[in-house]
*Asks:* 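Here it is, the structure in full.
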Amino acid sequence: MGISGLLPLLKDIQHSTHVEAYRGKTLGIDAYVWLHRGAYACATDLALGRPTTRFITYAMHRIRMLQHYGVKPYVVFDGAQLPSKAGTERERAARRREHRMRGLQFHAEKRTSAARDAFVRSVDITPALAYELIKQLRVHGIPYLVAPYEADAQLAYLERHGIIDAIITEDSDLLVFGCNKVLFKLDTYGNCLEIDRARFDKVKQLSFEGWTHQEFRQMAILSGCDYLPSITGMGLKNAHKFLRKYESVEKVLRALRLEGKWRIPPTYAADFERAEFTFAHQRVFDPRCSDMSTLTPLPSDARADLVAAIGAPLSVEEARAIARGDLCPITRRHFVQQVMTPSQPTLRTFFGAATAPCKTPPSARADSSSSTATTASSLFDAPPSSSPCTSPAPSDKEDSDPCVSSPVSSPSPPRPAHSTPQTTPGLAWHAATPDDDMARRSAWFQRFKYSGARARHIVLPGTSPHTSTPRLALGKRACPTPTSPSKRPAMDTPSRVHNGSAKLLQFQYRES
């Protein structure tokens, strides 16, 4: 994805910054980049068809982080596949199928690690998965747009017309499309690398002084892109050298053929023209007039084969429905509504459901049955005081455990006042009360078999280190607490060992 080697080549002008520098501004987001990264954490679930929402959680946490720093997100999704990119998409789909078959074989052989690596390589973000994120954006009022074809050209169009101020992505193609400010390598805390086109003349490895955007685009295409494979042995440095020397692509190809050292396909010149036309005039959606447009105006004498490479034109109704996310951009059909449930309960959902069993009337039991399903929308209902990088803070009315927290946990879905508390199948215990926090922790650790949840064996003063020695309960840890000698009980006074070379410290237990 992108131009190979372009970002390392522009290392001299990469500026470390923070998203807070764009406070009050609008940043365009390449949604599929975040969806792919979020899907890596649940690649096994996606490959095996298990319901999961972790890829949505990843994207929503990033959006919350931007909002925390006063940045307005504008999410853009990919649309249909371009005819110019058909060959590249076929090769990628074949590789994904191969990795998935290998992962299923490893999974059947109980080779978990190898299976996960193969499943990660087989991840494919479909419009149906993107639609799950679109539903969350609608709930939270976050602006979004589904491009008719590629999100890269759509983001470049939005920046060119002042709708967004910069772009967050990991795809270097945005620079080839002519974007001015692009943010790469965004982390959880808002740190990123900024590349500004105005600083291109300060690149030290290659000289772009006096170059136009067209020459930069031709250099990138000549080195190899998604629309045209590279000539064997031709990289960015060689492409830059030949364009500097011969000043046009036609003269470069003629010189390379005369040298006889380069294997150039017979149709390379026509394919190059088609790729450059796609970069320059790709079809996009204009949100100002709610109609189709192109990245740059089409020339009046454009050939039919070049116009066909940028995608078929859409009717106004189809373009608007696709932009809203109502239609699948590939099949042109409405999405099927489906409920996405987490593959396992979250910490907050589990501990919020830990209450003593109680009898409820049949009417209340019937009303509560509708609230037992945890959907993707319930994972992000958080009060405004929550931090963008952590879990939403529980309100005063919620029963929460201050000793247990998780940066990836999600709040439990809202319940009606008359409904019964939710219960998690397979995680029930007996003789539990609402205040019995230790029983809830014990059941949680036993369910997931955490290796660090074993009780610690600590020798207390006045006892012998045998197996009969009382051990700390689950969820407890030893912590030295200084106490005054006057208040310390007589039995807790440190006793000296026979050789007089060491002392036993006193410990007081507190919750971890």
*Asks:* Could you tell me whether the side chain of S84 and the main chain of A309 form a donor-acceptor pair under 3.5 Å?
*Replies:*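 Confirmed, S84 side chain pairs with A309 backbone.
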
*Asks:* Give me the ring orientation class for F242 and W262: parallel if the planes are under 30° apart, tilted from 30 to 60°, perpendicular past 60°.
*Replies:* perpendicular

*Asks:* Just wondering, do M65 and V19 contact through their side chains at under 4.5 Å, heavy atoms?
*Replies:* yes

*Asks:* Please report whether the ring centroid of H240 lies less than 6.0 Å from that of F208.
*Replies:*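 Ring centres of H240 and F208 closer than 6.0 Å.
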
*Asks:* If you take all heavy atoms of D171 and F184, which pair is closest and at what distance?
*Replies:* O-CE2, 3.7 Å

*Asks:* Considering only heavy atoms from C-beta outward, does the side chain of P127 approach that of I330 to under 4.5 Å?
*Replies:* yes

*Asks:* Is it true that, when you exclude E259 itself, more than 12 heavy atoms of the residues, nucleotides or ligands shown sit nearer than 6.0 Å to its CD?
*Replies:*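 Atom CD in E259 is crowded, with more than 12 foreign heavy atoms closer than 6.0 Å.
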
*Asks:* Give, for atom CG of N238 and atom CE of M219, the distance between the pair rounded to the nearest 0.5 Å.
*Replies:* 11.5 Å

*Asks:* Answer yes or no: does atom CZ of R288 have more than 12 heavy-atom neighbours from other residues, nucleotides or ligands under 6.0 Å?
*Replies:* yes

*Asks:* Indicate the atoms forming the closest heavy-atom contact of C42 with T52, along with that distance.
*Replies:*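 So the two residues come closest at CB-OG1, 3.7 Å.
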
*Asks:* Can a donor-acceptor pair be found, under 3.5 Å and without considering hydrogens, that links the side chain of R102 to the backbone of A118?
*Replies:* no

*Asks:* Any luck finding a side-chain donor-acceptor pair between Y58 and R62 under 3.5 Å?
*Replies:* yes

*Asks:* Whether the side chain of S207 engages the backbone of V203 through a donor-acceptor N/O pair (distance < 3.5 Å, no angle test) should be reported.
*Replies:*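 Judged by distance alone, no pair lies under 3.5 Å.
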
*Asks:* Please report the C-alpha distance between E98 and R95 in whole Å, then the side-chain angles of each, then the deciding distance to 0.1 Å, and finally whether the salt bridge (charged side-chain N to carboxylate O under 4.0 Å, His left out) criterion is met.
*Replies:* CA-CA 5 Å; E98 181 181 355; R95 288 197 299 266; over 6 Å; no

*Asks:* Mind checking the CG-CG spacing from L175 to L6? Nearest 0.5 Å is all I need.
*Replies:* 6.0 Å

*Asks:* What is the minimum heavy-atom distance between F177 and D152, and which atoms define it?
*Replies:* CE1-CB, 3.5 Å

*Asks:* Quick check: do F55 and L133 have side-chain heavy atoms less than 4.5 Å from each other?
*Replies:* no

*Asks:* Using atom types as modelled and distance alone, determine if a side-chain donor or acceptor of D12 lies under 3.5 Å from a backbone N or O of K204.
*Replies:*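 Answer holds: yes.
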
*Asks:* Looking only at the side chains, is there a donor atom on one of T296 and H281 sitting less than 3.5 Å from an acceptor on the other?
*Replies:*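 Short answer, yes.
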
*Asks:* Tell me if the aromatic rings of H18 and Y189 count as close, with their centers under 6.0 Å from one another.
*Replies:* no

*Asks:* How many angstroms lie between atom NZ of K185 and atom CD1 of I195, to the nearest 0.5 angstrom?
*Replies:*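 Separation between the atoms: 10.0 Å.
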
*Asks:* Cut-off 3.5 Å, side chains only: do Y157 and D286 have a donor facing an acceptor?
*Replies:*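 Short answer, yes.
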
*Asks:* Compare all side-chain heavy atoms of L145 with those of F77 and state whether any distance is below 4.5 angstrom.
*Replies:*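 SC-SC contact between L145 and F77 ruled out.
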
*Asks:* Please report the interatomic distance CG(L158) to CD1(I164), rounded to the nearest 0.5 Å.
*Replies:* 5.0 Å

*Asks:* Does D165 offer a backbone N or O that forms a donor-acceptor pair with the side chain of T26 under 3.5 Å?
*Replies:*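 Side chain of T26 to backbone of D165, a donor-acceptor pair under 3.5 Å: no, none is there.
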
*Asks:* Does H107, at its NE2 atom, have more than 12 non-hydrogen atoms belonging to other residues, nucleotides or ligands within less than 6.0 Å?
*Replies:* no

*Asks:* Evaluate E194 against Q14 for side-chain hydrogen bond (donor to acceptor under 3.5 Å, both in side chains), listing each step before the verdict.
*Replies:* CA-CA 6 Å; E194 179 191 65; Q14 293 180 8; over 6 Å; no

*Asks:* Is R263 atom CZ crowded by more than 12 heavy atoms from other residues, nucleotides or ligands, each under 6.0 Å away?
*Replies:* no

*Asks:* Determine whether a donor-acceptor pair (N or O, by modelled atom type, separation under 3.5 Å) exists between the side chain of R199 and the backbone of I13.
*Replies:* yes

*Asks:* Between S230 (side chain) and S223 (backbone), is there a donor-acceptor pair under 3.5 Å?
*Replies:* yes

*Asks:* Checking R138 against D326 for the salt bridge (charged side-chain N to carboxylate O under 4.0 Å, His left out) test, could you report, in this order, the C-alpha distance in whole Å, the side-chain angles of both residues, the deciding distance, and whether it holds?
*Replies:* CA-CA 12 Å; R138 290 174 178 174; D326 296 335; 3.0 Å; yes

*Asks:* Any side-chain heavy atom of I125 sitting closer than 4.5 Å to one from D78?
*Replies:* no

*Asks:* Please report the shortest heavy-atom distance between V76 and Q154, naming the atom on each side.
*Replies:* CG1-CG, 3.8 Å

*Asks:* Looking at CG of L82 and CD of Q282, how far apart are the two atoms once the value is rounded to the nearest 0.5 Å?
*Replies:*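 So the CG of L82 and the CD of Q282 are separated by 4.5 Å.
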
*Asks:* Just wondering, do I134 and V146 contact through their side chains at under 4.5 Å, heavy atoms?
*Replies:* yes

*Asks:* Output yes when a side-chain donor or acceptor of D187 lies under 3.5 Å from a complementary backbone atom of G190, and no otherwise.
*Replies:*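 Yes, D187 side chain to G190 backbone: donor-acceptor pair under 3.5 Å.
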
*Asks:* What closest approach, in Å, do R217 and A280 show between heavy atoms, and which atom pair accounts for it?
*Replies:* NH1-CB, 3.8 Å

*Asks:* Tell me whether R303 is salt-bridged to E273, with the criterion being a basic N under 4.0 Å from an acidic carboxylate O.
*Replies:* yes

*Asks:* A side-chain contact here means heavy atoms from C-beta on lying under 4.5 Å apart; do W34 and I63 qualify?
*Replies:*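 Result yes, sub-4.5 Å side-chain heavy-atom pair found.
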
*Asks:* Checking salt bridge (charged side-chain N to carboxylate O under 4.0 Å, His left out) for the pair R111/E109: CA distance, chi angles, key distance, verdict?
*Replies:* CA-CA 5 Å; R111 298 170 60 182; E109 298 173 357; 3.4 Å; yes

*Asks:* In sequence, state the C-alpha distance, the side-chain angles, and the governing distance for R92 and D226, and then conclude on salt bridge (charged side-chain N to carboxylate O under 4.0 Å, His left out).
*Replies:* CA-CA 11 Å; R92 292 177 178 176; D226 293 340; 3.2 Å; yes

*Asks:* For the CZ atom on R90, are there more than 12 heavy atoms of other groups (residues, nucleotides or ligands in this structure) within a distance under 6.0 Å?
*Replies:* no

*Asks:* Hey, is the main chain of P148 close enough, under 3.5 Å, to the side chain of R283 for a donor-acceptor pair?
*Replies:*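 The answer is no, because no donor-acceptor pair under 3.5 Å joins these two groups.
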
*Asks:* For I167 versus A156, what's the shortest heavy-atom pair and its separation?
*Replies:*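 It is CD1-N, 4.3 Å.
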
*Asks:* Sub-3.5 Å donor-acceptor pair from the side chain of E159 to the main-chain atoms of K181, do we have one?
*Replies:* yes

*Asks:* Looking only at the aromatic ring of each residue, does the gap between the centers of Y74 and Y144 stay below 6.0 angstrom?
*Replies:* no

*Asks:* Do V71 and K25 touch side chain to side chain, with heavy atoms closer than 4.5 Å?
*Replies:*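 With C-beta onward as the side chain, the pair stays apart.
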
*Asks:* Would you find more than 12 non-hydrogen atoms of other residues, nucleotides or ligands less than 6.0 Å from R274 atom CZ?
*Replies:* yes

*Asks:* Can you tell me which residue among F200, W211, F279 is in a ring pair (Phe, Tyr, Trp, His ring centres under 6.0 Å) with F216?
*Replies:*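 The option that passes is F200.
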
*Asks:* Give, for atom CG of D30 and atom CG of L174, the distance between the pair rounded to the nearest 0.5 Å.
*Replies:* 6.5 Å

